[in-house]
Undergrad: 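Dropping the structure in here first, questions after.
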Amino acid sequence: MSSRETNRQTTGNGNRPLAMVTGASTGIGYELAVYCAKEGFDLLVVADQPEIHEAAAQFRNYGVEAEAVEADLATLDGVDKFYQAANGRPVGALLANAGHGLGGAFLDQDFRDVQHVIDTNITGTVYLIQKVGRDMRAQGQGRILITGSIAGFTPGTYNAVYNASKAFIDSFSFALRAELKDSGVTVTCLMPGATETEFFERAGMEDTKIGQSDKDDPVDVAKVGYEAMMNGEGDVVSGFKNKVMTTVASVTPAGVLAEQHRKKAKPGSASD
Ligand SMILES: NC(=O)c1ccc[n+]([C@@H]2O[C@H](COP(=O)([O-])OP(=O)(O)OC[C@H]3O[C@@H](n4cnc5c(N)ncnc54)[C@H](OP(=O)(O)O)[C@@H]3O)[C@@H](O)[C@H]2O)c1
């Protein structure tokens with residue numbers, strides 16, 4: 001029996017294992033949840049807005065249980081609310097995906113918006129992973145998929161805090177994976193490139209070159225991430241051009257990367 005089958009049989013309530021997916025109302029998280037449902041996971045999903053309930057209804061169409069929680073994962077209370085909704089049921093997979101960007105010049109940003117990026121992308125994410133990760137370590141199995149980004153390879157001129165948050169997440173993911181080696185718990189970092197979701201609108205980046213560029217399909221990105229998670233891979237960059245970009249970025253000086261990022265993320269650059 002494969003480790004994947006073992007994981008399925010022993011972590012579920014009844015016949016199905018449970019997957020917790022954050023940021024499942026739209027975009028990559030929605031598609032990740034669809035993959036989990038199609039593959040027979042029950043779902044516990046969360047987002048900050050009421051749309052998460054509609055998403056959960058869609059997931060139930062795949063014949064699994066899906067419960068929605070409305071909570072702001074930028075707060076520890078919000079993370080606690082989501083964690084407690086599992087009611088102690090063993091978690092087979094945690095897909096820590098929720099996150100958002102913030103375009104524009106750092107000194108001109110409202111600090112509350114800056115803090116919300118950090119609190120969502122970093123603090124809430126690692127707090128949830130610590131809570132669920134401890135349970136998984138105790139049960140001797142589990143899969144954790146963390147949505148990082150290829151943005152973590154590049155200083156994000158005009159998206160400075162976001163890119164830095166993803167550098168944190170990419171790095172954190174690799175380190176946690178190494179710490180959990182031989183524990184039965186795998187950690188996988190999904191690093192997408194620009195993907196066609198609500199991300200750029202929400203970050204106020206629609207007037208930028210990157211905001212107007214051709215982007216990857218979130219269905220494809222989620223497929224790559226889901227499969228890498230189930231295979232227990234360490235990291236996966238979705239898309240060939242993104243793979244090339246990360247390879248080049250790893251041998252390019254940070255100052256050069258920051259200048260390149262300016263061209264594609266500067267407010268108004270879409271019309272340059
Ligand atoms: N799109 C890209 O180009 C791209 C590239 C690389 C990595 N990523 C990463 O992929 C992940 C998903 O983003 P996406 O592109 O799918 O964007 P999206 O369509 O805007 O989806 C973001 C999801 O996260 C939720 N969310 C955000 N902040 C939250 C909070 N504080 N509390 C609870 N839920 C929250 C949103 O729900 P609410 O609307 O209810 O807040 C939504 O469900 C993010 O971590 C992002 O950084 C995206």
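Counting convention: from 1, in listed order, for ligands and their atoms alike. Quick note: residue numbers are just sequence positions, from 1. Note that the structure is a prediction, hence the values are computed from the model and not measured.
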Undergrad: Would a distance-only check, ignoring hydrogens and angles, find a side-chain to backbone donor-acceptor pair under 3.5 Å from Asp217 to Val219?
TA: yes
Undergrad: Please report whether ligand 1 has a polar contact with His100, defined as an N or O pair separated by less than 3.5 Å (distance criterion only).
TA: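 The answer is no, given that His100 and ligand 1 share no N or O pair closer than 3.5 Å.
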Undergrad: Kindly confirm or rule out an N or O of Thr26 lying under 3.5 angstrom from an N or O of ligand 1.
TA: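 Yes - when backbone and side-chain N and O of Thr26 are compared with those of ligand 1, one distance drops under 3.5 Å.
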Undergrad: Check whether any heavy atom of Asp72 sits under 4.0 Å from an atom of ligand 1.
TA: yes
Undergrad: Going by distance alone, is a donor N or O of one side chain under 3.5 Å from an acceptor N or O of the other, for Tyr83 and Asp135?
TA: yes
Undergrad: Can a non-hydrogen atom of Lys166 be found less than 4.0 Å from any atom of ligand 1?
TA: yes
Undergrad: Do ligand 1 and Ile28 have nitrogen or oxygen atoms that lie under 3.5 Å from each other?
TA: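 By distance alone, the answer is yes.
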Undergrad: So, regarding Phe200 and ligand 1 (criterion: nitrogen or oxygen to nitrogen or oxygen, under 3.5 Å), is there a contact or not?
TA: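 No: no nitrogen or oxygen of Phe200 is under 3.5 Å from one in ligand 1.
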Undergrad: How far is atom 8 (N) of ligand 1 from the closest protein heavy atom, and which atom is that?
TA: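 Nearest protein contact, heavy atoms only, for atom 8 (N) of ligand 1 is Tyr162 OH, 3.6 Å.
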Undergrad: Are the side chain of Asp72 and the backbone of Asp48 linked by a donor-acceptor contact shorter than 3.5 Å?
TA: no
Undergrad: Give a yes/no verdict on whether any heavy atom in Gly148 is under 4.0 Å from an atom of ligand 1.
TA: yes
Undergrad: Regarding Lys38 and the six-membered ring of Tyr35, is the cationic atom NZ or CZ under 6.0 Å from the ring centre and inside 45° of its axis?
TA: yes
Undergrad: Counting only heavy atoms, which portion of Tyr30 has something under 4.0 Å from ligand 1: side chain, backbone, both, or neither?
TA: neither
Undergrad: Tell me whether the centres of the aromatic rings in Tyr162 and Phe199 are closer together than 6.0 Å.
TA: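 So the answer is yes for these two rings.
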Undergrad: Looking only at heavy atoms, is any part of Lys215 under 4.0 Å from ligand 1, and if so is it the side chain, the backbone, or both, or is it neither?
TA: neither
Undergrad: Charged N to carboxylate O below 4.0 Å: is that the case for Arg60 and Asp42?
TA: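 A salt bridge is absent here (no side-chain N lies under 4.0 Å from a carboxylate O).
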Undergrad: Is Leu73 in polar range of ligand 1, meaning some N or O pair under 3.5 Å apart?
TA: yes
Undergrad: Would you say Gly193 touches ligand 1, if touching means a heavy atom closer than 4.0 Å?
TA: yes
Undergrad: When you measure from the side chain of Ser149 to the backbone of Lys166, do you find a donor-acceptor pair of N or O atoms at a distance under 3.5 Å?
TA: no
